[in-house]
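Reviewing the structure listed below.
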Amino acid sequence: MTKPIWIKHATQLATLEGKGKGPRSKEAMSELGLIEDGSLWIENGIIQAVGTTNDLEKRYAEKLHTADVVEASNHLVTPGLVDPHTHVVYGGSREREFEMRLEGATYMDIMNAGGGIHATTRMTREAIEEELLEQTMSRLDSFLAHGVTMVESKSGYGMNLETELKQLRVMKELQQKHVIDLVPTFMGAHAVPPEFKGKEDEFVDYLIDKMLPIVAEENLAEFNDVFCEKGVFTPEQSKRILEAGKEYGLVPKIHADEIEPYGGAELAAKIGAVSAEHLLKASDEGIHAMAKAGTIACLLPATALYLREEAAAGRKMIDAGVPVAISTDCNPGSSPTTSMPLVMNLACILMRLTPAEALTAATYNAACAINRQEKVGSLEVGKQADIVLWDVKNYQELQYLFGVNHVKAVWKKGVKVVE
């Protein structure tokens, strides 16, 4: 039995409290559930009470002396940030490609020259599990220092059975060894491996017949993702892969319309994907279909910045009724960052989200994009005490002072893990 924690006198407590269980869209993305002079009472890693400091002082008058007290005056308190799209388990590094892009090479130029995903695939295939574990632990430490308490992690740097299983098994071990909650996604369909070049349908068969059954049998993933893009997987191939995953209980996600309009957003809506990711070139028809289906748009502004591409139309999507989440897309080639605070800043600057919408997109809607909204994403009674204390006075200041890590303290399940 641990001592209760009493966080009191928060200048602003952003609870993200909401009545619905699904993702927020339109005006609801601006509803932060703000409490001035806010307070939280936590016992055994679970939030027991939320309100003003005066309210909780009265309610817990006889127990106040038993608590660890956190004085939060002149600070903002929010839920722990959730990153719903990463490729955080990988081997090696690709800093040379950064220079190549500055010299004019495109994403597909680098990929066709043996770089990009294929370069990381080679390095990940060569790495032993212990190496991947050690490298990823360091990245997760950095996420935690930036206020992130839950991370989705995709495989996809193997594209063969052995390495895909290696990545997913490392994720399973990390679930036990790191305080961050790691949510696993199988993405064997990240690209067509060189050994299957010109035989793309054969690779789809291999993935469906050989990979998916073992991933499911070993219970290594919750979601199934595919890169639906011209030159990678067609909408028809993507649908086959995602439908096959559903047969094994894997929830579909989809990398969609990153490089050109290709029907990925439309497919996400049609197939019942929980989210579509990237969406830089999503069509108006695709945006309308996602809004109608309630498909979450998981947008990645740091990736657009890093690739010097125009960011996804976040403002248009929200206005059209699409629920929006945001993510670092942490990966070695197009977004080597672990800073969700920077991603919130960029969502405002590049995609015209308001500061309130950006915070919702990085907490509650992000949790919805990985089916974790019942546990995290808001500060409500009964939820996990995943909490960030920020060295700013309000949520506007958090987005205004960009490119700075304002984290002062982080609690994971009621345990202080960053100070």
Side-chain angles (χ1 to χ4, degrees), residues 4-20 24 26-43 46-82 146-149 326 340-341 344-345 347-348 353-367 373 376-402 404-412 414 416 418-419:
I5 300 169
W6 182 29
I7 299 175
K8 65 176 184 174
H9 293 310
T11 299
Q12 199 173 75
L13 179 68
T15 67
L16 278 294
E17 182 181 8
K19 297 176 182 177
R24 297 183 185 179
K26 289 194 171 181
E27 294 81 5
M29 284 193 64
S30 297
E31 298 170 3
L32 300 182
L34 297 176
I35 300 175
E36 295 184 2
D37 192 19
S39 187
L40 295 168
W41 187 272
I42 299 151
E43 294 182 13
I46 302 296
I47 298 170
Q48 301 295 325
V50 184
T52 66
T53 300
N54 186 53
D55 289 340
L56 268 62
E57 278 180 337
K58 293 177 180 176
R59 179 171 175 178
Y60 290 98
E62 296 181 3
K63 297 177 68 175
L64 296 181
H65 68 282
T66 68
D68 282 332
V69 178
V70 179
E71 177 58 61
S73 57
N74 294 315
H75 289 80
L76 167 71
V77 175
T78 73
L81 303 182
V82 177
H146 286 87
V148 177
T149 53
I326 56 176
M340 276 292 281
M344 288 192 288
N345 303 150
C348 296
L353 270 68
T354 66
E357 290 167 344
L359 185 56
T360 298
T363 53
Y364 184 76
N365 274 10
Q373 66 270 29
V376 300
S378 61
L379 302 177
E380 299 182 75
V381 173
K383 285 196 172 183
Q384 238 171 241
D386 290 6
I387 299 163
V388 184
L389 178 70
W390 303 91
D391 196 13
V392 295
K393 296 184 293 296
N394 53 53
Y395 74 91
Q396 294 102 327
E397 191 175 13
L398 182 64
Q399 313 303 356
Y400 160 68
L401 297 167
F402 84 104
V404 180
N405 186 9
H406 298 286
V407 169
K408 186 166 184 180
V410 179
W411 288 263
K412 180 64 184 173
K416 186 181 281 187
V418 173
E419 183 170 18

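In what follows, every heavy atom counts, from backbone to side chain, and hydrogens, waters and symmetry copies are set aside. All residue numbers refer to positions in the sequence shown, counting from 1. Since this is a predicted model, take the numbers as computed values, not measurements.
- Exactly one residue among Leu76, Val410, Val77 makes a side-chain contact (heavy atoms from CB on, under 4.5 Å) with Trp390. That residue is Leu76.
- Thr360 and Leu32 make their closest contact through OG1-CD2, 3.4 Å (heavy atoms, listed as atom of the first residue, atom of the second, distance).
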- Evaluate the side-chain contact (heavy atoms from CB on, under 4.5 Å) criterion for residues Ile387 and Ile5: first the C-alpha distance (whole Å), next the side-chain angles of each, then the deciding distance (0.1 Å), finally the verdict. CA-CA 12 Å; Ile387 299 163; Ile5 300 169; over 6 Å; no
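- Contact annotation: the side chain of Leu389 never approaches that of Ile7 to less than 4.5 Å [non-hydrogen atoms, C-beta and beyond].
- Formation of a donor-acceptor pair under 3.5 Å by the Glu357 side chain with backbone atoms of Leu353 is not found in this model.
- At a threshold of 4.5 Å between non-hydrogen side-chain atoms, the residues Glu17 and Ser378 do not count as touching.
- Contact between Gln399 and Pro355 at its shortest, heavy atoms only, is CG-CB, 3.5 Å.
- Judged by distance alone, the side chain of Thr15 and the main-chain N or O of Gly33 form a donor-acceptor pair under 3.5 Å.
- Looking at Val388 and Val407, their side chains come closer than 4.5 Å, going by heavy atoms from C-beta outward.
- Contact annotation: the side chain of Met344 approaches that of Ile326 to within less than 4.5 Å [non-hydrogen atoms, C-beta and beyond].
- Ring geometry for Trp6 versus Trp41: interplanar angle of 30 to 60°, hence tilted.
- With contacts defined as side-chain heavy-atom distances shorter than 4.5 Å, the pair Trp411/Thr149 does not qualify.
- In this structure, CE in Met29 is found 9.5 Å from CG in Leu359, a value given to the nearest 0.5 Å.
- Nearest heavy atoms, Thr363 versus Gly80: CG2-O, 4.1 Å.
- Closest non-hydrogen pair, Glu36 versus Thr52, comes out as O-CG2, 4.2 Å.
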- Message: Working note: Lys412 + Gln384, criterion side-chain contact (heavy atoms from CB on, under 4.5 Å); need CA distance, chi angles, decisive distance, verdict.
- Response: CA-CA 8 Å; Lys412 180 64 184 173; Gln384 238 171 241; 3.3 Å; yes
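- Residues Glu31 and Leu16 share a closest heavy-atom pair of O-CD1, 4.3 Å.
- With rounding to the nearest 0.5 angstrom, the NE2 atom of His406 is 6.0 Å from the CG atom of Leu398.
- Rounding to the nearest 0.5 Å gives a distance of 6.0 Å between CD of Gln396 and CD of Gln12.
- Remark: the Asp37 side chain and the Thr53 side chain contain an N/O donor-acceptor pair separated by less than 3.5 Å.
- In this structure, CG on Asn394 lies 11.0 Å from CG on Asn74, to the nearest 0.5 angstrom.
- Applying the salt bridge (charged side-chain N to carboxylate O under 4.0 Å, His left out) definition to pairs two or more places apart or across chains, those involving residues 59-71 are Lys3-Asp68, Glu43-Lys63.
- One distance of note links CD of Glu419 with NZ of Lys408; it measures 8.5 Å at 0.5 Å rounding.
- In plain terms, the two heavy atoms of Ala14 and Pro79 that are nearest each other are O-CD, 3.3 Å.
- Here CG of Leu40 is found 5.0 Å from CG of Leu13. Values are rounded to the nearest 0.5 Å.
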- Task: Check step by step if side-chain contact (heavy atoms from CB on, under 4.5 Å) holds for Val381 and Gln48.
- Result: CA-CA 5 Å; Val381 173; Gln48 301 295 325; 5.6 Å; no
- Item | Criterion side-chain contact (heavy atoms from CB on, under 4.5 Å) on Ser39 and Lys8, from CA distance to verdict | CA-CA 4 Å; Ser39 187; Lys8 65 176 184 174; 4.1 Å; yes
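- Taking Tyr395 as the reference, nothing meets the ring-ring contact (aromatic ring centres under 6.0 Å, His included) condition, with sequence neighbours excluded.
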